[in-house]
Number of protein chains: 2
Amino acid sequence: MTKKATQLAYIQAYEYIRDRILNGELERGTKLVEERLAEEMGISRTPVRDSIRKLEQEGLIKDKRVVNPSDSDLRDVFQVRTLLEGFAVRHCAMYMGEGDLDKLRNCVEVGRTGTMEQVMAANKEFHEIIVGATNNPVMIDIFERMQSIIYLFRKTVVYHKRPLLIDEHQDIYEAIAAHDADEAERLMKAHLQLDLEFCLNRMKG
Amino acid sequence: MTKKATQLAYIQAYEYIRDRILNGELERGTKLVEERLAEEMGISRTPVRDSIRKLEQEGLIKDKRVVNPSDSDLRDVFQVRTLLEGFAVRHCAMYMGEGDLDKLRNCVEVGRTGTMEQVMAANKEFHEIIVGATNNPVMIDIFERMQSIIYLFRKTVVYHKRPLLIDEHQDIYEAIAAHDADEAERLMKAHLQLDLEFCLNRMKG
DNA sequence: TTAAAATATTTTGTATACAAAATGAACAAT
DNA sequence: ATTGTTCATTTTGTATACAAAATATTTTAA
């Protein structure tokens with residue numbers, strides 16, 4: 001019994017467009033024409049419009065174009081991200097149980113030994129576990145939305161492994177495991193700051 | 001020369017539905033039927049659907065019903081709100097100029113002397129000025145989205161003036177004016193905490 | 001050649017019709 | 001009475017046609 005994929009056209013359209021944006025096939029700034037996309041997918045404009053509206057709300061599309069975030073936009077996102085993850089990691093240091101701690105440690109491990117794809121997934125998961133541990137759906141939702149933008153931005157720098165990234169994750173993990181909330185928060189903020197600067201610098205090249 | 005109102009049906013529909021939700025005419029939990037609303041406004045379903053989708057993204061509608069946030073939902077929102085406004089007020093204490101300070105002082109003043117409607121508007125503005133001063137559109141956007149939910153929740157307690165609310169605003173203003181970031185943040189967090197508890201308690205009655 | 005106006009083309013917004021799905025009511029069997 | 005099944009009704013999802021708006025192109029005048 002194979003898991004039945006969603007048959008609804010507007011969901012299909014949403015995933016299709018979203019994936020094409022995130023993997024870079026639809027470049028930043030590209031104008032999205034409803035009819036062209038509809039034809040491309042063999043459906044009508046109606047569900048395509050729905051999905052475009054949704055992606056607009058999520059911030060991946062702006063004025064019918066794939067968003068093209070400026071340095072300033074990215075800074076704004078990171079400022080909020082730093083706030084949320086700073087809070088979240090503090091929460092982790094105080095309350096996180098063994099299960100999640102194991103998962104975090106595993107992310108660090110994969111970060112050192114895995115393939116490129118595995119490393120990227122593990123890095124993403126590392127942050128998701130931390131934010132998820134707050135158990136606050138509002139916060140998680142905001143975080144996930146920002147992830148899309150960040151991923152979009154990072155797309156072009158994906159093959160430039162940032163040095164020290166895994167070391168920083170390990171340090172954060174250790175601070176959490178040691179229940180040192182202040183240190184965990186401090187390390188997380190520094191980590192995100194470096195990440196931001198790496199992104200911004202790479203964009204210029 | 002009167003300001004020309006937007007003629008687009010989907011914007012009109014958005015504002016119409018949103019206002020009816022926020023002012024309580026559409027009660028929490030009410031099922032929203034596209035065709036009924038369309039007929040009611042004398043337009044077709046298409047723009048009504050658009051606006052419902054948008055309101056769903058904004059969190060005012062969930063599963064075609066006016067949201068009915070639980071205590072837990074409201075706590076989650078306030079946790080994020082506290083984080084954002086704590087940061088924002090700290091920013092204000094460090095960088096806010098005379099112009100905005102005047103506006104804040106005016107909000108406090110109106111809070112003491114105005115009519116019910118004026119007081120409510122001034123209270124809202126007080127917080128908007130503080131968040132707006134961060135100059136971070138991402139943060140402002142998140143804040144505004146939460147405001148809708150909070151307002152919806154608060155709707156039922158609107159005529160129970162909370163004691164001390166204006167005093168707290170004044171204290172926050174003074175801490176900002178004195179450039180005391182730590183104190184401003186502390187006062188803001190306490191203020192929001194009291195606000196949350198007031199909301200939650202009133203809901204039970 | 002450049003700027004402005006007019007025209008053509010593309011693209012979006014809206015209405016409507018029909019199909020698919022979800023919901024609810026009526027009925028039968030236990 | 002309760003459960004389950006069938007049928008009717010409502011509501012949503014999708015396609016299509018047309019109108020309005022925005023964009024691009026050509027034409028005309030200086």
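Values below: every heavy atom of this structure, side chains too, minus hydrogens, waters and symmetry copies. Letters A, B, ... mirror the listed sequences (proteins, then strands); counts begin at 1.
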Q) For the pair made of CZ in A/Arg45 and C1' in D/dT16, what is the distance, rounded to whole Å? A) 10 Å
Q: Inspect the surroundings of CZ in B/Arg112 and state if more than 12 heavy atoms from other residues, nucleotides or ligands are less than 6.0 Å away.
A: yes
Q) Starting at CG of A/Asp50 and ending at C1' of C/dT14, how long is that distance when rounded to a whole Å? A) 14 Å
Q: Let me know the distance between CZ of A/Arg65 and P of C/dT11, rounded to the nearest Å.
A: 11 Å
Q: Using whole Å, report how far OH of B/Tyr10 lies from P of D/dA21.
A: 13 Å
(Q) Rounding to an integer number of Å, can you tell me how far B/Arg36 CZ sits from D/dT9 C1'? (A) 17 Å
(Q) Looking at A/Arg53, I'd like to know whether one of its side-chain N or O atoms comes within less than 4.0 Å of OP1 or OP2 on C/dT12. (A) no
Q) Between C/dT14 and B/Ser44, is there an OP1 or OP2 to side-chain N/O distance shorter than 4.0 Å? A) no
**Q.** B/Arg81 to B/Phe78, cation-pi by 6.0 Å centre distance and 45° axis angle
**A.** yes
Q: Mind checking A/Leu32 for me? I need base, sugar-phosphate or nothing, with any heavy atom below 4.0 Å counting as a touch.
A: sugar-phosphate
Q) Could you give the NZ-to-C1' distance, from A/Lys64 to D/dA22, as a whole number of Å? A) 12 Å
Q: Round to the nearest Å and state the distance from B/Ile43 atom CD1 to C/dT14 atom P.
A: 8 Å
Q: For B/Asp102, check side chain to side chain donor-acceptor pair (under 3.5 Å) against everything at least two apart and list the hits.
A: B/Arg105
Q) Separation of A/Ile11 atom CD1 from D/dG13 atom C1', in whole Å? A) 11 Å
Q.
Can you work out whether B/Lys31 or B/Thr46 has the more 5'-proximal nearest nucleotide on DNA chain D?
A. B/Lys31
Q | Test item: A/Thr46 and B/Thr46 side chains (from C-beta on) under 4.5 Å apart, heavy atoms | A | no
Q) Pick the nucleotide of DNA chain D nearest each of A/Pro47 and B/Val33; which residue has the one closer to the 5' end? A) B/Val33
